[in-house]
2 protein chains.
Amino acid sequence: MTSPLDGYDLKLLAALQQDARTPQNELGDTVNLSTAAVNRRLKRLSEEGVIERYTAVVSPDALGYGLTIIAMVEVESEQIDQLDATRRAFAACPHVQQCYYVAGEWDFVLLFVVQHMEQYNGLTRELFFGNANVKRFKTLVAMSRDKVGQALPLLPG
Amino acid sequence: MTSPLDGYDLKLLAALQQDARTPQNELGDTVNLSTAAVNRRLKRLSEEGVIERYTAVVSPDALGYGLTIIAMVEVESEQIDQLDATRRAFAACPHVQQCYYVAGEWDFVLLFVVQHMEQYNGLTRELFFGNANVKRFKTLVAMSRDKVGQALPLLPG
DNA sequence: TCTGAAAATGGACCTTT
DNA sequence: AAAGGTCCATTTTCAGA
C-alpha cells in the first residue's frame, strides 16, 4: 500500500506542507528532480494517502472566530455504544475543530472555535449538559494561539 | 483591510477548506459565478489574509506518527520574559503541532505528534524537565483522533 | 462577462539502472 | 520492472478589453 518514502518524497511533503501551491517545476528545482518526476511522485503520494488532502487555511480572526477553547470531558459510561454516540455528537459540531478520545484523567479533549463566550455557552448546553453521558467537563480558554497547524516533522532533526 | 465577506466568499472558503485544488471554473459552477469572478475573489481573499495559506495535509500514520499526545503545563512564573521564552521553546519543537496559552488550571496546552512513547519521553526531558520555568505537567494520550483539522464553521447552521 | 496569453498539470514515450 | 528525463497536449489561472 505505502511504498517507503525516500528523501525526495520527504522534501516534497515538507515543501507542500508549507505551501501547497508551489508549482511543480519550482519543487523540482529545490529537490533536484524534473517537473514530470515531481508530478508522478505527487500523484503517487496522493493515491497512497500519504497526502490526505489539500486545504486552504482560513483565518479565524477574519471570520470573527476570535476565541479558541479547549474542553476536557469525562463521560459516565465507556460502553462502546455510548462512547460512539458521544464521539459522533462531538465530531458533528462544526465548532469542534478537533476531538480526541484520550486515556488519563479525562476521556475527551475538544478544541472549539467560537465567536464569543455566549456561543460557547450554547454549545456546552447542547453538547455537554444535553448529553446524559457527559459526567463533567472543564473549560480552558486560549489567551493566545502560539502555534497552530498539523504539520508533521519531516526533515531530519 | 478586510472588506466584509458575502455569501459567495463564504461558499468559496467552505469549498476550499474541503479541497483547495478545486479548479476555479468548478467553484464558479457551484457558487454561480464566472471563473474570472472566482479568480478575483480568491486573489482578494488571499491578499486580505482571509485565506492564510494553502497546505497539504500529510497522513500522520503514513509517516509513522501514530501517537498524538496532549500535554497540559503549569509554569512557575508568568512574568513576561519567562513566559515568552517558554512559549518560543514549545513552538520551536517540530513535534509540537499546536501550542495554546490558556487561562484556568493550566497555563499551556500542547499537542504533540510522535512515533512512540519513548520519543515523547525525550521531548518531556527536553521541553519540560529541562525548563526551569515548568512547574508541573500532565500527559493525556490520544487513543483515537476522532476529528482533526482547522476548518471553520462557514455556512449558516 | 468574454477572450486570450501565460503558466501549470499530467500523459506519452524514450532512456537509464 | 522501476524511476528519471524530454516533449507535448490539455487544463487552469489570471489579466485586459
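Residue numbers start from 1 in every chain, and the chains themselves are labelled A, B, ... in the order their sequence lines are given, proteins ahead of strands. For the numbers below, each heavy atom of this structure counts, side chains included, while hydrogens, waters and symmetry mates do not.
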Does A:Ser34 put a side-chain nitrogen or oxygen below 4.0 Å from OP1 or OP2 of D:dG4?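 Negative; the distance criterion is not met.
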
[X] [atom1] to [N] [atom2], straight-line distance once rounded to whole Å:
X	N	atom1	atom2	value
A:Asp9	D:dA2	CG	C1'	14 Å
B:Leu27	D:dT11	CG	P	17 Å
A:Arg44	D:dA2	CZ	P	12 Å
B:Asp29	C:dT1	CG	P	12 Å

Indicate, with yes or no, if the rings of [X] and [Y] have centres closer together than 6.0 Å.
X	Y	value
B:Phe108	B:Tyr100	no
B:Phe112	B:Tyr65	no
B:Phe90	B:Tyr101	no

same_hphob_cluster(A:Val96, A:Val134) at 4.5 Å side-chain heavy-atom cutoff: yes

Treating primed atoms plus P, OP1 and OP2 as sugar-phosphate and everything else as base, which nucleotides of nucleotides 5-17 of chain C get B, S or - for protein heavy atoms under 4.0 Å? ---SSBB------

Aromatic plane relationship, A:Tyr120 with A:Phe128 - under 30° parallel, 30 to 60° tilted, over 60° perpendicular: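 Aromatic pair A:Phe128/A:Tyr120 classed perpendicular.
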
Under 3.5 Å side-chain donor-acceptor pair for A:Glu76 and A:Asn133: no

